[in-house]
Visitor: 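Before we start, here is the structure in question, set down as C-alpha cells.
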Amino acid sequence: AKGDGRNTYCFYDEAMTERAFERVFLETALRKALEEDELVVYFQPQIDARENKLVGMEALVRWEHPIMGFIYPDKFIPLAEITGMIVQLDRLVMKKALTQFKKWDKAGLNPGKLALNLAIKQIEENDFIEFIENILDCEDCSYKNIEFELTENQIMNNPEASIETLQKLSDLGISIAIDDFGTGYSSLAYLKRLPIDKLKIDRSFIKDLPQDADDAAITKTIISLCSSLNLKVIAEGVETEKQKNFILQNGCQFIQGYYYSRPLSIEDMTKYLIEHNKT
Ligand code: C2E
Ligand code: CA
Ligand code: CA
Ligand code: CA
C-alpha cells in the first residue's frame with residue numbers, strides 16, 4: 001500500500017527511470033538503425049491450401065543490431081509509431097522488399113503477390129501516393145502484384161480520411177487487406193464503403209481451433225461475411241494440420257502460418273521458391 005514508506009516510492013521511481021532510459025536508448029538506436037541500414041526484410045509465404053500453391057508473401061521487418069542481435073518488430077514497431085519514425089521505416093522496408101521481390105519475379109520464380117504492412121501514419125502523409133508511384137515506377141513492379149495491409153484499428157480510427165487514400169491506391173490497381181481482423185471494432189457499414197479486397201483473420205482466433213467453440217464460430221462468421229461482401233479472406237497464424245483442415249473445410253482456402261513456413265530470409269526464400277517451382 002501507499003503508506004508503506006519511501007521504499008515503495010523509490011522502487012517505482014527507479015522502475016520508471018529505467019523504462020524512460022530504455023526508451024531513449026532504444027529510440028537512439030533505432031534512429032541509427034535507419035541510417036546505418038540495420039533493418040532487414042523477411043518474407044512469409046501465403047499459400048492456396050486447396051491447390052497447394054504459393055500465391056504471395058508478406059514482408060516482415062527484423063532488426064539486426066550489431067550488439068543486441070536479432071530483434072523482432074514487436075519490440076520496436078510501437079516505438080517507431082509513437083516517434084513517427086514509422087514513416088521512414090515503412091518506406092525503407094517497402095524499397096527493400098520491392099527490390100528483392102522484383103528480382104524473384106525477373107528470375108521467373110513466380111513469387112505471386114507482395115504484401116506490405118503499412119502504418120496509418122504512412123497513408124496520412126501528403127506525398128504518400130507520389131512516393132508509391134515513384135517507387136513502383138523505378139522498381140518497375142506491376143501495381144497489381146502489390147497488396148497493402150493495414151490493421152483494422154488503425155483504419156477505424158479515422159475511416160473517412162482512410163477511404164480517400166485507399167481509394168487512390170485501389171484505383172492504381174493495388175490491393176488492400178485489413179490486418180488482424182476481428183480484434184478491433186469495424187462497423188459493417190464501413191466495411192462496405194472501404195475500398196478493400198481482403199480480410200486477414202487474426203491469429204488469436206486461429207490459435208485454439210478447432211476445439212474452441214467460440215473461436216470456431218467467429219472464424220466461420222468472418223469467412224461467410226467475406227463471401228457475402230465479396231472479399232477475399234486469408235487466415236494467419238495457422239500452425240497445425242487440424243487448423244488448416246478446419247479453415248479449408250469452412251471455405252477459406254488462403255493460409256499463412258508456421259504450418260506452411262515461418263518467415264524466411266532472402267536466401268531461404270530464394271531456396272523455397274526454387275523448390276516450389278519444381279513441383
Ligand atoms: P502481423 O502483420 O500480424 O504479422 C504476422 C506476425 O505473425 C508476424 O510476426 C509473423 O512472424 C507471425 N506469424 C506468422 N505465422 C505464425 C504462426 O503460425 N504462429 C505464430 N505464433 N506466429 C506467426 P512478426 O514478424 O514478429 O511481426 C509482428 C508484427 O509487427 C506484425 O504483425 C506487424 O503488425 C508488425 N510489422 C512487421 N513488419 C512490419 C513493417 O515492415 N511495417 C509495419 N508498420 N509493421 C510491421
Ligand atoms: Ca500483416
Ligand atoms: Ca496480422
Ligand atoms: Ca498482429
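Atoms within a ligand are numbered from 1 in the order they appear, just like the ligands themselves. This is a predicted model, so every value here is computed, not measured.
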Visitor: Does NZ or CZ of R193 lie under 6.0 Å from the centre of the six-membered ring of Y190, at an angle within 45° of the ring axis?
Guide: no
Visitor: Should the pair E58-K200 be classified as a salt bridge under the 4.0 Å nitrogen-to-oxygen rule?
Guide: yes
Visitor: Do E35 and R31 meet the salt-bridge criterion of a basic N to acidic O distance under 4.0 Å?
Guide: no
Visitor: Determine, considering heavy atoms only, which of Q44, Q122, Q256 sits nearest to atom 15 (N) of ligand 1.
Guide: Q44
Visitor: Which atoms from ligand 1 have a heavy atom of E236 less than 4.0 Å away?
Guide: 3 (O)
Visitor: So which N/O/S atom does E236 have closest to the Ca ion (ligand 3)?
Guide: OE2
Visitor: Could you tell me the separation between the CE atom of M85 and the CG atom of L30, rounded to the nearest 0.5 Å?
Guide: 4.5 Å
Visitor: Assess whether a salt bridge exists between K113 and D197, defined as any Lys/Arg side-chain N lying under 4.0 Å from an Asp/Glu carboxylate O.
Guide: no
Visitor: Tell me which one of F70, Y72, W63 satisfies ring pair (Phe, Tyr, Trp, His ring centres under 6.0 Å) with Y42.
Guide: F70
Visitor: Are any of the N/O atoms in Y72 less than 3.5 Å from those in ligand 1?
Guide: no
Visitor: Could you tell me whether some N/O pair between E81 and ligand 1 is separated by less than 3.5 angstrom?
Guide: no
Visitor: Between E275 and K278, is the closest basic N to carboxylate O distance under 4.0 Å?
Guide: yes
Visitor: The Ca ion (ligand 2) is nearest to which N, O or S atom of E149?
Guide: OE1
Visitor: Which part of N117 is near ligand 1, with near meaning a heavy atom under 4.0 Å away: side chain, backbone, both or neither?
Guide: both
Visitor: Test of understanding: given a 4.0 Å heavy-atom threshold, classify the contact between D90 and ligand 1 as side chain, backbone, both, or neither.
Guide: side chain
Visitor: Would you check if I178 and L191 make a side-chain contact, meaning some heavy-atom pair closer than 4.5 Å?
Guide: yes
Visitor: Measure I86 to ligand 1 on non-hydrogen atoms and call it side chain, backbone, both or neither using the 4.0 Å cut-off.
Guide: side chain
Visitor: Under 4.0 Å, heavy atoms only, figure out whether ligand 1 is touched by the backbone of D179, its side chain, both or neither.
Guide: side chain
Visitor: Could you grab the distance from atom CZ of F131 to atom CG of D90, nearest 0.5 Å is fine?
Guide: 9.5 Å
Visitor: Taking 4.0 Å as the limit for heavy-atom contacts, which would you say applies to L116 with ligand 1: side chain only, backbone only, both, or neither?
Guide: neither
Visitor: Quick one: does any side-chain atom of E147 pair with a main-chain N or O of I176 as donor and acceptor, under 3.5 Å?
Guide: no
Visitor: Provide the number and element of each atom of ligand 1 under 4.0 Å from a heavy atom of E239.
Guide: 17 (C), 18 (O), 19 (N), 20 (C), 21 (N)
Visitor: Does a donor on one side chain sit under 3.5 Å from an acceptor on the other, for N277 and N110?
Guide: yes
Visitor: Which value, rounded to 10°, describes the OD1(D180)-the Ca ion (ligand 3)-OD1(D179) angle?
Guide: 90°
Visitor: Tell me whether N117 has at least one N, O or S atom under 3.0 Å from the Ca ion (ligand 2).
Guide: yes
Visitor: Can you name the atoms of ligand 1, numbered from 1 with element, that are less than 4.0 Å from a heavy atom of G237?
Guide: 15 (N), 16 (C), 17 (C), 18 (O)
Visitor: Using a 3.5 Å cut-off on N or O atoms only, is V61 in polar contact with ligand 1?
Guide: yes
Visitor: Below the 3.5 angstrom mark, is there an N/O of R203, backbone or side chain, next to an N/O of ligand 1?
Guide: yes
Visitor: Under 3.5 Å, is there a donor on one side chain and an acceptor on the other for E81 and Q154?
Guide: yes
Visitor: Which atoms of ligand 1 have any heavy atom of P263 under 4.0 Å away?
Guide: 11 (O)
Visitor: Within the 4.0 Å heavy-atom shell around P73, which atoms of ligand 1 are there?
Guide: 24 (P), 25 (O), 26 (O), 27 (O), 28 (C), 30 (O), 37 (C)
Visitor: Give the atom numbers and elements of ligand 1 that come within less than 4.0 Å of a heavy atom of E58.
Guide: 2 (O), 4 (O)
Visitor: Would K200 count as a contact residue for ligand 1, given that I'm defining contact as a non-hydrogen atom of the residue lying under 4.0 Å from a ligand atom?
Guide: no
Visitor: Can you tell whether the side chains of D268 and R262 come within less than 4.0 Å, N to carboxylate O?
Guide: no
Visitor: I'd like to check T240 versus Y259 (side-chain heavy atoms, cut-off strictly below 4.5 Å). Are they in contact?
Guide: no
Visitor: Nearest to the Ca ion (ligand 2), which N, O or S atom of E58 do we find?
Guide: OE2
Visitor: With a cut-off of 4.0 Å, which atoms of ligand 1 are near a heavy atom of V93?
Guide: 41 (O)
Visitor: Number the atoms of ligand 1 from 1 as they appear, then name those within less than 4.0 Å of a heavy atom of D180, with their elements.
Guide: 3 (O)
Visitor: One residue to check: R262. Relative to ligand 1, which of side chain, backbone, both or neither has a non-hydrogen atom less than 4.0 Å away?
Guide: neither
Visitor: If we count only N and O atoms by modelled type, under 3.5 Å, do the side chains of E130 and N134 hold a donor and an acceptor together?
Guide: no
